[in-house]
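Written below as structure tokens is the structure these notes are about.
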Amino acid sequence: FQQPLPSDRRAEAATPYDGTGNPIPGGPHTYPEEAPAGLWTTPSDLGRFALELQKAVAGESNRILSQAMARQMLTPGMGNWGLGVGTGGGKEHPYFTHGGVDAGFVSDLVAYDRGDGAVVMTNSNRGGQLGEQILRTIAYEYEWPDFQPARRTLAKVDPKIFDQYVGAYQLAPNFILAVRRDGDRFFAQATGQRAIEIFPESDHEFFAKELDIQITFVTDSQGRTTELVLHQHGDHHAPRVEGAAAALAPREHKEIHIDPKIFDAYVGSYQLGPNFTLTVTRHGDRFFTQATGQPIIEIFPESDHEFF
């Protein structure tokens, strides 16, 4: 918990990188909140912590915690949180987990109460995507009951079938999921988010490859689409909407080519609110934004002053 890290130990620390592969200016950030953001550790040390907690739960060690306290620590509470760790899994295979995110660092720990575990630490703002893939691979190779990648079969359907699903679906007030077809390809786009391609698993069930979501379209007795069900952390029903509600649907964007030098005039920091800043950067011919505490995202021009 040494903040900032002493100069004689800096060579031991990984260099943090942003989402474009550039080092975080100034190196690792110094955070005033030492408990959630001030711990320096290694995957091996986190693994030893998990192993010791597993032993304590099993009554095989009380070097750090008694068995009673360890069991209390891993008892699910509000939001499936235990004491300091998240909990999950089934009755036969419960697990505990904890993630960590600082500027340029993304980490995750997962361990079963009575078995395997893994620690993945990355030094990039985009490391979470890599870490997730590594965790899924471990789960697959070691046949874990959780975290394995879903296996889906791509179905062959007439693209014209999708025309009946094209439209706007209301997931919540001011939050619309727009569905469109582009030739033989199908896309879904939620308010404030980029479009993602979806693929048919049947003539009414679709899935995304880049995100763990599935969509089921529901029709009435006349074959008219009345709603969709978004399967992501539960089932979310979204009725089809027209008129004013449909006008809230995100519109389709078309990327155009502009002289990258035009973007230089936009590079800088913009204050969205107290302690909340949007930073705009250019790296070669690519443009990026990053809000305080959030990952960097690439943006694309649809005019010389409008980006998406």
Item to check | Beyond-backbone contact of T226 with T219, side-chain heavy atoms, under 4.5 angstrom | outcome: no
Checklist entry - Any chance CD of E92 has more than 12 other-residue heavy atoms, nucleotides or ligands included, within less than 6.0 Å? => result no
Item to check | Intermediate values then yes/no, salt bridge (charged side-chain N to carboxylate O under 4.0 Å, His left out), D163 and K160 | outcome: CA-CA 5 Å; D163 290 339; K160 294 179 180 178; over 6 Å; no
N/O donor-acceptor pairs under 3.5 Å from side chains in residues 264-271, not counting sequence neighbours:
from, atom 1, to, atom 2, distance (Å)
D264, OD1, R282, NH1, 2.8
D264, OD2, R282, NH1, 2.9
Y266, OH, D304, O, 2.7
Y270, OH, Y266, O, 2.6
Q271, NE2, G273, O, 3.3

Next on the checklist: Using the side chain to side chain donor-acceptor pair (under 3.5 Å) criterion, which residues pair with T216? Sequence neighbours excluded.
Outcome noted: H231
Checklist entry - Can you list the steps and then say if F288 with D18 is a side-chain contact (heavy atoms from CB on, under 4.5 Å)? => result CA-CA 11 Å; F288 299 87; D18 64 22; over 6 Å; no
Checklist entry - Transitive ILVMFWY cluster of F187 at side-chain heavy atoms under 4.5 Å: who else is in it? => result none
Next on the checklist: Could you report the tightest heavy-atom contact between N125 and A103, atom names first, then the distance?
Outcome noted: OD1-C, 3.8 Å
Next on the checklist: Quick check: closest heavy atoms across A111 and Q54, and the distance to 0.1 Å?
Outcome noted: CB-NE2, 3.9 Å
Next on the checklist: Check whether S66 reaches the backbone of N62 with its side chain - one donor and one acceptor, N or O, closer than 3.5 Å.
Outcome noted: no
Item to check | Reported CD1-to-CD distance for the pair I299 and Q290, which is rounded to 0.5 angstrom | outcome: 12.5 Å
Checklist outcome for this item: Applying salt bridge (charged side-chain N to carboxylate O under 4.0 Å, His left out) to D259 and not counting sequence neighbours gives none
Item to check | Ring-ring centroid check F162 F206, cutoff 6.0 Å | outcome: yes
Item to check | From R126 atom CZ to I297 atom CD1, the distance as rounded to the nearest 0.5 Å | outcome: 9.5 Å
Item to check | side chain to side chain donor-acceptor pair (under 3.5 Å) partners for E298, two or more places apart | outcome: R286
Checklist entry - What heavy-atom pair brings Y165 and T225 nearest, and what distance separates the two atoms? => result CD2-OG1, 3.3 Å
Checklist entry - With no hydrogens and no angle check, is any side-chain donor or acceptor of R240 less than 3.5 Å from a backbone partner on L228? => result no
Next on the checklist: Using a 3.5 Å distance criterion without hydrogens, assess whether the side chain of N123 forms a donor-acceptor pair with backbone atoms of A14.
Outcome noted: no
Checklist entry - Are F287 and I262 close enough that some pair of their side-chain heavy atoms sits under 4.5 Å apart? => result no
Checklist entry - Quick one: salt bridge (Lys or Arg N to Asp or Glu O under 4.0 Å) pairs with a partner in residues 59-70, sequence neighbours left out? => result E52-R63
Item to check | Heavy-atom donor-acceptor pair, R114 side chain to P94 backbone, under 3.5 Å | outcome: no
Next on the checklist: Counting only heavy atoms not in Y31 (residues, nucleotides, ligands), do more than 12 fall under 6.0 Å from its OH?
Outcome noted: yes
Item to check | Heavy-atom donor-acceptor pair, D220 side chain to G223 backbone, under 3.5 Å | outcome: yes
Next on the checklist: When you compare the side chain of F186 with that of P159, does any pair of heavy atoms fall below 4.5 Å?
Outcome noted: yes
Checklist entry - Can you name the residues that form a side chain to side chain donor-acceptor pair (under 3.5 Å) with D285, not counting sequence neighbours? => result none
Checklist entry - So do I213 and L230 actually touch side chain to side chain, heavy atoms under 4.5 Å? => result yes
Using distance only, find each side-chain donor-acceptor pair of residues 1-12 under 3.5 Å and give its atom names and separation, not counting sequence neighbours.
from, atom 1, to, atom 2, distance (Å)
Q3, NE2, G38, O, 3.1
R9, NE, E12, OE2, 3.1
R9, NH2, E12, OE1, 3.1
R10, NE, L5, O, 3.3

Check residues 21-30 and write down every donor-acceptor pair under 3.5 Å in which the side-chain atom is one partner and the other belongs to a residue at least two apart or another chain.
from, atom 1, to, atom 2, distance (Å)
N22, ND2, T20, OG1, 2.9
N22, ND2, H283, ND1, 3.0

Checklist entry - Heavy-atom distance under 4.5 Å between the side chains of T122 and Y17, does that happen here? => result no
Checklist outcome for this item: So CZ of F105 and CG of D102: to nearest 0.5 Å the spacing works out to 7.5 Å
Item to check | All side-chain contact (heavy atoms from CB on, under 4.5 Å) counterparts of F199, not counting sequence neighbours | outcome: L154, E197, F207, K209
Checklist outcome for this item: Note: with side-chain heavy atoms under 4.5 Å as the link, the other cluster members for M121 come out as L46, F49, L53, V57, I64, L65, M69, M73, L74, L83, V85, F96, L109, V119
Item to check | Distance, nearest 0.5 Å, that separates OG1 of T97 from CG of D146 | outcome: 11.0 Å
Item to check | Residues clustering with I134 (ILVMFWY side chains joined when closer than 4.5 Å, directly or via others) | outcome: Y95, V110, Y112, V120, L130, L135, I138, Y142, W144, F147
Checklist entry - Roughly how far apart are E34 CD and L39 CG, rounded to 0.5 Å? => result 10.0 Å
Checklist entry - Is a side-chain N or O of E205 found less than 3.5 angstrom from the main chain of S202, in a donor-acceptor match? => result no
Next on the checklist: Donor-acceptor check, side chain of T289 to backbone of V280, threshold 3.5 angstrom: yes or no?
Outcome noted: no
Item to check | CG-CD1 distance between L177 and I215, expressed to the nearest 0.5 angstrom | outcome: 5.0 Å
Checklist entry - Is any side-chain heavy atom of R152 closer than 4.5 Å to a side-chain heavy atom of Q214? => result yes
Checklist entry - Is Y169 linked to V218 within one hydrophobic cluster, defined over Ile, Leu, Val, Met, Phe, Trp and Tyr using a side-chain heavy-atom separation of less than 4.5 Å? => result no
